[in-house]
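Remarks on the structure that follows.
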Amino acid sequence: MARNKQRDRAAAAPLSETVDGGLAELVPDRERPRAWTLLVDGAPQSHVDLDDPAYLSFEYQRRLGHAVDLAAPPNRPLQAVHLGGGALTLARYVAATRPRSTQQVVELDEPLVRFVRRELPLDPGARVRVRSADARAGLAKVQDGWADLIIADVFGGARTPAHLTSTEFLAEVRRALRPGGLYAANLADGPPLAHLRGQIATAAAVFPELALTADPTVLRGRRFGNAVLLASDRELPVAELTRRVATDPHPGRVEHGRALADFAGGAAPVTDASAKPSPAPPASVFR
């Protein structure tokens with residue numbers, strides 16, 4: 001208890017440590033006493049409020065939170081897989097909003113995991129297992145049909161690795177999902193949105209039901225930003241997703257069905273043979 005009080009008093013001081021991905025920094029949130037933003041080499045990765053793990057600050061994390069909320073009826077525990085750990089924000093969110101959930105987190109950067117777990121400890125009651133491994137290799141170890149929800153939020157050097165963008169990767173995702181399970185991916189792109197269109201085509205080659213949510217300016221190709229893609233073998237709750245996204249602090253737009261297919265514009269699905277990392281964000285994004 002004394003250690004927690006000491007940490008609260010020292011919250012104004014950023015924390016930093018060298019990890020595999022570069023310099024990891026935990027910067028205190030001046031408006032929330034025990035909240036922190038994780039940056040790696042200057043790129044914001046996650047925001048965590050230890051007092052309120054159900055609070056999601058980042059725009060894209062709120063949209064991934066909607067996916068958690070809509071993956072099953074309220075309060076029902078989930079079996080969830082998180083590809084990419086960051087500050088374990090979404091794992092904390094699942095544990096807080098769906099007690100008794102069982103979660104697996106796959107994060108390649110083991111020193112980052114140690115740093116985050118030391119400075120921002122998980123609730124001891126949360127059933128979260130963190131494995132240090134490549135996301136695709138870790139996914140391959142998930143049993144067939146085990147997961148209700150798989151969230152992919154993997155970036156190295158602010159880019160999604162190529163081997164996590166292909167139909168072969170998404171076939172592994174579908175294998176690990178139970179029938180009716182939900183896949184949610186954080187994607188990043190800017191004009192001319194070739195990567196985003198290709199990822200929609202890739203998901204459509206594996207899953208029958210898709211929806212995409214993003215800031216309208218991103219969808220219009222006016223700026224670099226994040227989009228969250230949802231995919232499933234069941235009908236998605238698009239009306240409820242649209243309502244939630246529209247009432248966010250930074251309202252977004254949802255595309256699905258014919259409109260989403262038109263947005264993809266005839267892009268070809270990505271395979272392992274043709275896969276490339278997502279584009280690097282312009283330097284101005286993090287200023």
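Because the structure is a prediction, the values reported are computed rather than measured. Residues: numbered from 1 along the sequence shown.
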Going through the distances and angles, do R114 and E17 end up as a salt bridge (Lys or Arg N to Asp or Glu O under 4.0 Å)? CA-CA 10 Å; R114 290 198 301 267; E17 190 160 309; 5.9 Å; no

Side-chain donor/acceptor of [X] to backbone N/O of [Y], under 3.5 Å:
X: R127; Y: Q103; result: no
X: D109; Y: D20; result: yes
X: R131; Y: V106; result: no
X: Q45; Y: A87; result: no
X: E168; Y: D272; result: yes
X: T202; Y: G198; result: yes
X: R197; Y: G265; result: no

In terms of hydrophobic clusters joined by side-chain contacts under 4.5 Å, are [X] and [Y] together?
X: L164; Y: L170; answer: yes
X: Y183; Y: V238; answer: no
X: W146; Y: L83; answer: yes
X: V113; Y: W36; answer: yes
X: L38; Y: L120; answer: yes

Quick one, [X] and [Y] - any side-chain contact, counting heavy atoms below 4.5 Å?
X: P179; Y: D233; answer: yes
X: S278; Y: H195; answer: yes
X: L241; Y: L236; answer: no
X: F207; Y: V173; answer: yes
X: I150; Y: L139; answer: yes
X: V40; Y: F155; answer: no
X: H47; Y: T89; answer: no
X: Q61; Y: S46; answer: yes

Apply side chain to side chain contact (heavy atoms under 4.5 Å, CB included) to residues S166 and R136 and explain how you reach the verdict. CA-CA 11 Å; S166 67; R136 189 158 162 178; 3.6 Å; yes

Could you go through Q199 and T165, starting from their C-alpha distance and side-chain angles, then the distance that decides it, and tell me whether this counts as side chain to side chain contact (heavy atoms under 4.5 Å, CB included)? CA-CA 7 Å; Q199 288 304 287; T165 68; 3.4 Å; yes

Could you walk me through whether L90 and V68 pass side chain to side chain contact (heavy atoms under 4.5 Å, CB included), step by step? CA-CA 9 Å; L90 270 298; V68 173; 4.2 Å; yes

R222 atom CZ, over 12 foreign heavy atoms within 6.0 Å: no

Does NE2 belonging to H163 count more than 12 external heavy atoms closer than 6.0 Å? yes

What distance do [X] atom [atom1] and [Y] atom [atom2] have between them, rounded to the nearest 0.5 Å?
X: R62; Y: D69; atom1: CZ; atom2: CG; value: 9.5 Å
X: D144; Y: R178; atom1: CG; atom2: CZ; value: 15.0 Å
X: S232; Y: L70; atom1: OG; atom2: CG; value: 11.5 Å
X: L112; Y: L88; atom1: CG; atom2: CG; value: 8.5 Å
X: D134; Y: E107; atom1: CG; atom2: CD; value: 10.5 Å
X: L50; Y: Y55; atom1: CG; atom2: OH; value: 13.5 Å

Please report the closest heavy-atom contact between [X] and [Y], naming both atoms and the distance.
X: L64; Y: A184; answer: CD2-CB, 3.9 Å
X: A162; Y: A275; answer: O-CB, 3.3 Å
X: V116; Y: G86; answer: CG2-O, 3.6 Å
X: V81; Y: A147; answer: CG2-CB, 4.1 Å
X: P279; Y: R159; answer: C-NE, 3.8 Å
X: L193; Y: V218; answer: CD1-O, 3.4 Å

R98 with D148: basic N within carboxylate O range, under 4.0 Å: no

Assess whether a salt bridge exists between R244 and D248, defined as any Lys/Arg side-chain N lying under 4.0 Å from an Asp/Glu carboxylate O. no

Determine, step by step, whether L219 and L212 satisfy the side chain to side chain contact (heavy atoms under 4.5 Å, CB included) criterion, reporting the C-alpha distance in whole Å, the side-chain angles of both residues, the deciding distance to 0.1 Å, and the verdict. CA-CA 10 Å; L219 293 177; L212 184 77; 3.7 Å; yes

Knowing that exactly one of R34, R32, R92 qualifies, which makes a salt bridge (charged side-chain N to carboxylate O under 4.0 Å, His left out) with D49? R32

Single hit among R253, R63, R223 for salt bridge (charged side-chain N to carboxylate O under 4.0 Å, His left out) with D215: R223

Residue from N226, N186, T160 passing side-chain hydrogen bond (donor to acceptor under 3.5 Å, both in side chains) with D153: N186

